[in-house]
Amino acid sequence: MEAPSFAYSASSSSLLSLRKTPLSSPRLSCFGNTKHRNFSVRASSSGDSVVTLLDYGAGNVRSVRNAIRFLGFEIKDVQTPQDILNASRLVFPGVGAFAAAMEVLSKTGMDEALCSYIEKDRPFLGICLGLQLLFESSEENGPVKGLGLIPGTVGRFDSSNGFRVPHIGWNALQITKDSGILDDVGNHHVYFVHSYRAMPSDDNSEWISSKCDYGDKFIASIRRGNVHAVQFHPEKSGDVGLSILRRFLNPKSNMTKKPGEVKASKLAKRVIACLDVRANDKGDLVVTKGDQYDVREHTNENEVRNLGKPVDLAGQYYKDGADEVSFLNITGFRDFPLGDLPMLQVLRYTSENVFVPLTVGGGIRDFTDSTGRYYSSLEVASEYFRSGADKISIGSDAVYAAEEYLRTGVKTGKTSLEQISRVYGNQAVVVSIDPRRVYVKDPNDVQLKTVRVSNLGPNGEEYAWYQCTVNGGREGRPIGAYELAKAVEELGAGEILLNCIDCDGQGKGFDVDLIKLISDAVSIPVIASSGAGAPAHFSEVFNKTNASAALAAGIFHRKEVPIQSVKEHLLKEGIEVRI
Ligand code: 1PR
């Protein structure tokens with residue numbers, strides 16, 4: 001399968017326009033013998049409040065922009081290599097795939113400018129891929145040469161030892177030396193989302209300022225003089241992340257959180273607030289919540305249940321300690337999402353003030369509008385990413401893709417799942433499954449995977465399979481959740497959001513049978529969803545299944561239990577969470 005890359009377009013407002021072209025292997029390493037262009041390095045003449053941002057147009061750097069602006073700084077975008085050399089401080093939030101990023105950097109001459117800038121010990125902060133690119137090479141679609149400033153190779157996490165890949169979530173840091181911007185952060189969790197990582201060795205030990213434990217101990221951050229880079233996302237790590245960014249931008253500033261409040265030691269279980277969003281009958285976008293997917297009030301008016309305004313509620317849940325916020329555009333399957341500008345606005349406004357990951361789902365598929373204009377699912381997803389989403393969630397379209405894949409055994413490379421994960425990485429692609437329980441007397445009655453259920457069916461059935469649905473639960477499909485989960489993992493999903501229509505809105509607890517079935521079947525993270533009604537339901541799902549996160553809606557919208565109470569309960573039960 002050919003990997004797309006990002007091609008330079010001088011006319012683009014960012015450095016690049018997105019288009020599929022074959023990759024040639026990047027040619028340059030800073031340790032190689034390519035001659036450096038004759039750039040002069042000088043301190044910026046611009047004021048102290050200006051931060052130079054290297055955005056090569058490959059994905060979502062909106063969150064980084066938002067965080068920098070939130071901290072009171074202005075952004076100057078890099079247009080030419082000389083802009084890098086003129087920066088007084090440079091932030092490089094690498095996104096997308098390693099090879100594609102190196103291709104762009106070398107085509108535009110940014111690679112040499114970056115090397116010169118860093119070698120001169122100018123203030124630099126690389127984020128995620130912005131750290132990995134400093135190494136000699138990466139195994140991602142490679143080997144592919146990197147900038148070569150730090151000895152070592154970037155490799156993929158090993159999922160064979162039971163650790164889920166991608167590594168998604170809030171993990172603890174082990175600070176190994178005076179890290180400047182990370183002082184006191186060792187007690188806290190920070191947000192990671194990646195499948196590749198750089199490993200410590202004798203050759204790069206002098207660079208390492210912190211490590212993280214996830215199956216193996218990988219490099220979480222580096223520091224040499226004024227040069228910093230972090231594998232995690234400070235712009236998505238809540239208050240702690242904002243403090244890290246603030247310290248880089250203004251080294252005299254202090255940590256906002258007091259050290260020692262909490263002891264982070266490993267990957268935390270996540271608690272996610274979910275907002276099902278749709279237009280009500282007056283046309284206003286509202287957060288709603290159904291019982292088994294029926295979101296209308298049982299009144300004469302039969303109106304859509306209105307539980308609040310999406311931006312306000314998302315902001316509230318962020319303040320309350322949600323580890324992520326998900327928006328599901330629940331009528332996206334019938335209303336084209338790019339026509340749904342209010343939803344894009346919701347994302348834009350939310351991402352200005354919410355510094356934890358945002359997922360958005362609903363309507364991600366290929367689409368031809370009434371004028372005959374064709375939009376690919378990749379375009380739809382790109383618009384969501386540009387508007388502030390960190391991850392997109394695909395429901396119905398993933399079901400069709402999995403059915404086709406299971407029927408033919410062929411990965412066409414053309415499904416929305418494959419296209420979006422190829423460009424944005426599988427960590428950015430969630431598949432939302434909406435199954436309904438189907439009881440059977442005997443597992444041999446169906447050719448799909450069944451489970452022995454904890455509670456017998458209406459006619460005393462001991463087994464059930466979980467039938468996938470599309471179009472907001474309206475149509476059952478001939479595929480089970482187990483078969484779907486395994487297929488979408490192969491097609492490029494990075495995470496599964498596992499709903500259950502039977503439990504949705506019931507407040508009686510998660511469907512532990514289903515969540516155990518799926519979280520044991522795949523090696524990507526699984527988010528348990530549907531049915532939370534009390535803090536004990538969260539500890540139950542984490543104790544009895546391998547879910548990485550638990551998502552709830554009604555319990556939070558109806559203000560029955562605050563997010564903090566859920567987390568305090570989990571801590572009391574010995575389950576590590578981010579506080
Ligand atoms: O098919 O790609 O357009 O995506 C549509 C998305 O919208 C899917 O992710 C699907 O789950 C969601 N959706 C569609 N219709 C509804 C509905 O409720 N009528 N919402 C719907 C599903 C599920 C959860 C819910 C949890 C927790 N909502 O997100 O919030 O089950 O609820 P609870 O804690 O109150 O029990 P596509």
Side-chain angles (χ1 to χ4, degrees), residues 271-279 286-296 304-305 307 310 313 317 322 324-338 340 343 359-367 377 380-381 384 391-402 415-417 420 429-436 468-475 477 481 484 488 493 495-511 514-515 527-535 537-538 541 549-561 563 566:
V271 176
I272 300 176
C274 182
L275 288 77
D276 290 355
V277 177
R278 62 161 288 169
V286 298
V287 174
T288 188
K289 184 68 210 89
D291 293 316
Q292 302 183 330
Y293 287 30
D294 175 5
V295 299
R296 291 193 174 266
V304 171
R305 190 168 296 142
L307 293 167
L313 270 183
Y317 294 145
E324 275 179 50
V325 174
S326 296
F327 291 106
L328 295 177
N329 184 355
I330 66 171
T331 49
F333 69 89
R334 59 164 184 251
D335 306 323
F336 180 48
L338 295 194
D340 194 356
M343 189 66 203
T359 302
V360 65
I364 297 176
R365 64 185 193 284
D366 296 344
F367 187 83
S377 55
V380 180
Y384 275 145
K391 301 189 258 186
I392 54 90
S393 160
I394 309 177
S396 308
D397 206 50
V399 177
Y400 302 127
T415 62
S416 54
L417 241 171
I420 300 166
V429 181
V430 183
V431 165
S432 166
I433 311 184
D434 301 291
R436 198 177 257 125
C468 292
T469 64
V470 292
N471 300 345
R474 285 166 181 78
E475 181 190 340
R477 301 292 305 179
L484 180 92
V488 296
E495 199 169 27
I496 285 173
L497 163 52
L498 186 55
N499 304 294
C500 175
I501 297 180
D502 309 85
C503 297
D504 176 69
Q506 304 300 295
K508 295 179 188 154
F510 296 95
D511 189 326
L514 168 68
I515 295 157
I527 302 167
S529 166
S530 305
H537 294 148
F538 290 81
V541 79
L551 170 151
I555 188 181
F556 299 141
H557 302 335
R558 295 188 297 268
K559 304 195 183 347
E560 288 162 8
V561 180
I563 293 172
V566 172

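Only heavy atoms go into these numbers, but all of them, side chains included; no hydrogens, no water, no symmetry mates. In each ligand, atom 1 is the first atom listed, and ligand 1 is the first ligand listed.
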> Heavy-atom contacts under 4.0 Å between Arg365 and ligand 1: side chain, backbone, both, or neither?
Replying inline: neither
> Would you say Gln292's side chain and Asp504's backbone share a donor-acceptor pair under 3.5 angstrom?
Replying inline: no
> Counting from 1, what ligand 1 atoms have a heavy atom of Ala552 closer than 4.0 Å?
Replying inline: 34 (O)
> Measuring from Leu328:CG to Asn499:CG, what's the distance to the nearest 0.5 Å?
Replying inline: 7.0 Å
>> To the nearest 0.5 Å, what is the distance between CD1 on Ile433 and OG on Ser530?
In response: 11.5 Å
>> For ligand 1 and Gln506, I'd like to know whether there is a polar contact (N/O to N/O, distance under 3.5 Å).
In response: no
> Can you tell me how far CD1 of Ile330 sits from CG of Leu275, rounded to the nearest 0.5 angstrom?
Replying inline: 11.0 Å
> Any idea which heavy atoms bring Arg305 and Arg296 closest together, and the distance?
Replying inline: NH2-O, 3.7 Å
> Which heavy-atom pair separates Phe510 from His537 by the least distance, and what is that distance?
Replying inline: CD1-O, 3.5 Å
>> Please list the nearest protein heavy atom to atom 35 (O) of ligand 1 with its residue and the distance rounded to 0.1 Å.
In response: Lys289 CE, 2.6 Å
> Looking only at heavy atoms, what is the nearest atom pair of Ile364 and Val360, with distance?
Replying inline: CD1-O, 4.2 Å
> Rounded to the nearest 0.5 Å, how far does CG of Leu417 lie from CZ of Arg365?
Replying inline: 15.0 Å
> Tell me, which protein residue and heavy-atom name are nearest atom 1 (O) of ligand 1, and how many Å apart are they?
Replying inline: Ser396 OG, 2.5 Å
> Which residue holds the protein heavy atom closest to atom 2 (O) of ligand 1, what is that atom called, and what is the gap in Å?
Replying inline: Gly395 N, 2.9 Å
> Nearest protein heavy-atom contact for atom 15 (N) of ligand 1: which residue, which atom, what distance?
Replying inline: Gly472 CA, 3.3 Å
> Heavy atoms only: which of Leu275, Leu498, Asn499, Ile330 is nearest to atom 24 (C) of ligand 1?
Replying inline: Asn499
>> Between Asp434 (side chain only) and Gly473 (backbone N and O only), is there a donor and an acceptor less than 3.5 Å apart?
In response: no
> What residue and atom, counting heavy atoms only, is the protein's closest point to atom 25 (C) of ligand 1, and at what distance?
Replying inline: Asp504 OD1, 3.7 Å
>> Test your reading of the structure: does Gly363 have an N or O sitting under 3.5 Å from an N or O of ligand 1?
In response: yes
> Is Gly505 near ligand 1, meaning one of its heavy atoms is under 4.0 Å from it?
Replying inline: yes
> So, Ser416 versus Asp366: side-chain donor-acceptor pair below 3.5 Å or not?
Replying inline: no
>> Tell me whether Ile364 has any N or O atom under 3.5 angstrom from an N or O of ligand 1.
In response: no
> What pair of heavy atoms forms the shortest contact from Val561 to Pro535, and how long is it?
Replying inline: CG1-CG, 3.8 Å
> Can you find a heavy atom in the side chain of Asp276 that is under 4.5 Å from one in the side chain of Val295?
Replying inline: no
> atom 28 (N) of ligand 1: which protein heavy atom is closest, and how many Å away?
Replying inline: Asp276 OD2, 2.9 Å
> Relative to ligand 1, is Ala553 under 4.0 angstrom through side chain, backbone, both or neither, heavy atoms considered?
Replying inline: both
> Does Asn329, backbone or side chain, put an N or O under 3.5 Å from an N or O of ligand 1?
Replying inline: no
> With a 4.0 Å cut-off on heavy atoms, does Ser529 reach ligand 1?
Replying inline: yes
> Got an N/O contact under 3.5 Å between Ser432 and ligand 1?
Replying inline: yes
> Taking all non-hydrogen atoms of both residues, which atom of His557 and which atom of Val287 are closest, and how far apart?
Replying inline: NE2-CG1, 3.6 Å
> So is there a nitrogen or oxygen of Arg474 less than 3.5 Å from a nitrogen or oxygen in ligand 1?
Replying inline: no
> Any idea which protein heavy atom is nearest atom 11 (O) of ligand 1, and the distance to it?
Replying inline: Asp434 OD1, 2.5 Å
> Which residue and non-hydrogen atom of the protein lie closest to atom 5 (C) of ligand 1, and at what distance in Å?
Replying inline: Gly362 CA, 4.0 Å
> Backbone or side chain, does any N or O of Gly554 fall under 3.5 Å from an N or O of ligand 1?
Replying inline: yes
> With only distance considered, is Gly531 within less than 3.5 Å of ligand 1 through an N or O on each side?
Replying inline: yes
> Which of the numbered atoms in ligand 1 are below 4.0 angstrom from a heavy atom of Leu328?
Replying inline: 9 (O), 29 (O)
>> So which atom in Ser377 and which in Ile420 form the shortest heavy-atom distance, rounded to 0.1 Å?
In response: O-CD1, 3.9 Å
> Short N/O distance, under 3.5 Å, between Tyr293 and ligand 1?
Replying inline: yes
